[in-house]
Amino acid sequence: MNRPVQRLIIAVLALVLVVSVGAVGISSLTGSNPGDEKQGEQPSAANPDDRPTADPADQPPKPELPRPEEPAGLTEQTSEGAQAILTYLLESYTYMMTTGDTSVWEDSVDPNCQVCTTFLSNAQLLNDQGGYLVDGEFDVRSTGFSGTGEPPATGQVVADFTQEASIIVDDPNFQASPVDEVSGQLIAQVAWDGSRWRVTDMSIAPGPGGGASDAGGASDAGGTGVADGAGDAG
């Protein structure tokens with residue numbers, strides 16, 4: 001395989017936003033450390049993280065999921081429409097990562113949103129490798145919006161969410177990786193493009209201590225364009 005799966009981070013939303021994509025191997029999810037190989041034993045070029053192999057027949061079955069329907073609010077220039085775009089992205093995430101169908105996000109994110117395009121690239125690469133996500137559905141508990149203009153043309157949406165535990169099969173020939181349930185707050189910058197709302201940036205809100213969740217700013221997100229000052233969200 002030309003693109004080693006070990007360099008791919010396909011995980012819960014929080015991981016994509018706060019971990020440098022490509023800088024940490026899949027070993028970070030399994031708890032192993034690439035530097036812990038026994039002296040004199042080097043992993044093969046085909047398996048640089050020395051991951052346990054697996055029989056594809058023993059992997060969790062790939063779920064068959066229906067394509068989520070877009071809510072009508074995405075094309076309404078209202079605060080409710082702005083909130084609907086972020087809810088839709090979260091609720092269609094598992095479908096995209098399971099099926100590789102990136103069209104559910106492509107029309108709802110700005111092409112210049114680097115965090116968003118990272119998701120799209122990861123979903124496509126995961127699908128190209130025969131991988132998929134099992135479970136990991138998002139429950140959006142509440143959303144809020146603060147915007148500019150009347151009707152609003154730009155603004156910020158804050159969503160409180162929980163993502164259920166999941167399993168990542170990034171390559172059927174390697175051991176799948178479990179991911180724990182995660183809860184948090186997502187902040188998205190949104191803009192009206194004349195016909196629908198689009199997400200222009202996303203970040204994880206700071207934790208209770210005031211610091212950003214685990215990593216925080218754009219520099220810690222692998223240059224993914226996470227907005228500075230995300231903690232200013234109301």
Side-chain angles (χ1 to χ4, degrees), residues 5-21 23-33 49 51-68 86-102 104-105 115-116 118-127 129-143 158-188 202-208 212-216 221-222 224 226:
V5 297
Q6 294 78 13
R7 311 307 295 174
L8 174 66
I9 295 296
I10 296 288
V12 293
L13 182 63
L15 283 177
V16 178
L17 292 177
V18 304
V19 178
S20 299
V21 177
V24 181
I26 198 71
S27 57
S28 66
L29 301 180
T30 60
S32 61
N33 187 334
D49 284 343
R51 293 175 57 196
T53 57
D55 184 340
D58 294 334
Q59 297 285 14
K62 182 177 181 177
E64 295 185 5
L65 302 178
R67 178 186 172 89
L86 184 56
T87 298
Y88 175 68
L89 286 191
L90 292 177
E91 291 182 347
S92 61
Y93 169 83
T94 298
Y95 169 82
M96 180 175 71
M97 289 300 193
T98 300
T99 66
D101 181 3
T102 57
V104 291
W105 272 41
V115 170
C116 307
T118 296
F119 275 112
L120 293 171
S121 297
N122 282 352
Q124 186 61 59
L125 181 55
L126 184 66
N127 186 65
Q129 294 174 170
Y132 50 90
L133 182 69
V134 179
D135 299 325
E137 294 286 349
F138 276 88
D139 175 25
V140 180
R141 299 189 300 275
S142 64
T143 59
V158 178
D160 292 312
F161 71 87
T162 295
Q163 187 190 19
E164 69 177 12
S166 59
I167 298 173
I168 302 164
V169 181
D170 63 319
D171 183 316
N173 296 298
F174 290 100
Q175 190 176 83
S177 301
V179 180
D180 292 337
E181 179 181 286
V182 60
S183 294
Q185 190 175 77
L186 181 68
I187 301 170
M202 292 191 291
S203 62
I204 292 293
S213 172
D214 291 334
T224 53
V226 175

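Start at 1 with the first residue, then count along the sequence. Hydrogens, waters and symmetry mates are skipped; everything else that's a heavy atom, side chains included, is used.
- Remark: Q124 CD to M97 CE distance equals 11.0 Å, nearest 0.5 Å.
- Atom NZ of K62 and atom OG1 of T99 lie 7.0 Å apart (nearest 0.5 Å).
- Atom CD in Q163 sits 11.0 Å away from atom CG in D180 (nearest 0.5 Å).
- The side chain to side chain donor-acceptor pair (under 3.5 Å) test applied to T94 returns no partner, not counting sequence neighbours.
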**Message:** If you apply the rule side-chain contact (heavy atoms from CB on, under 4.5 Å), what do you find for M96 with L120, and how did you get there?
**Reply:** CA-CA 8 Å; M96 180 175 71; L120 293 171; 3.9 Å; yes

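- For Y88, the side chain to side chain donor-acceptor pair (under 3.5 Å) test picks out no residue, with sequence neighbours left out.
- By the side-chain contact (heavy atoms from CB on, under 4.5 Å) test, T162 is found to be paired with R141, E181, S183, residues two or more places apart in sequence or in another chain being considered.
- Separating the CE atom in M202 from the CD1 atom in I187 is a distance of 12.0 Å, to the nearest 0.5 Å.
- L86 places none of its side-chain heavy atoms less than 4.5 Å from the side chain of T143.
- Rounded to the nearest 0.5 angstrom, T118 OG1 and L125 CG are separated by 12.0 Å.
- Under the side-chain contact (heavy atoms from CB on, under 4.5 Å) criterion, P56 pairs with P172, N173, sequence neighbours left out.
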Please tabulate, for the side chains in residues 132-139, all donor-acceptor contacts under 3.5 angstrom to protein atoms that are two or more places apart in sequence or on a different chain.
residue, atom, partner, partner atom, Å
Y132, OH, P60, O, 2.4

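- Shown here are the side chain to side chain donor-acceptor pair (under 3.5 Å) partners of N127, two or more places apart in sequence or in another chain: there are none.
- For the pair V158 and L186, the minimum side-chain heavy-atom distance is 4.5 Å or more.
- Ring orientation note: the planes of Y93 and W105 are tilted relative to one another, at an angle of 30° to 60°.
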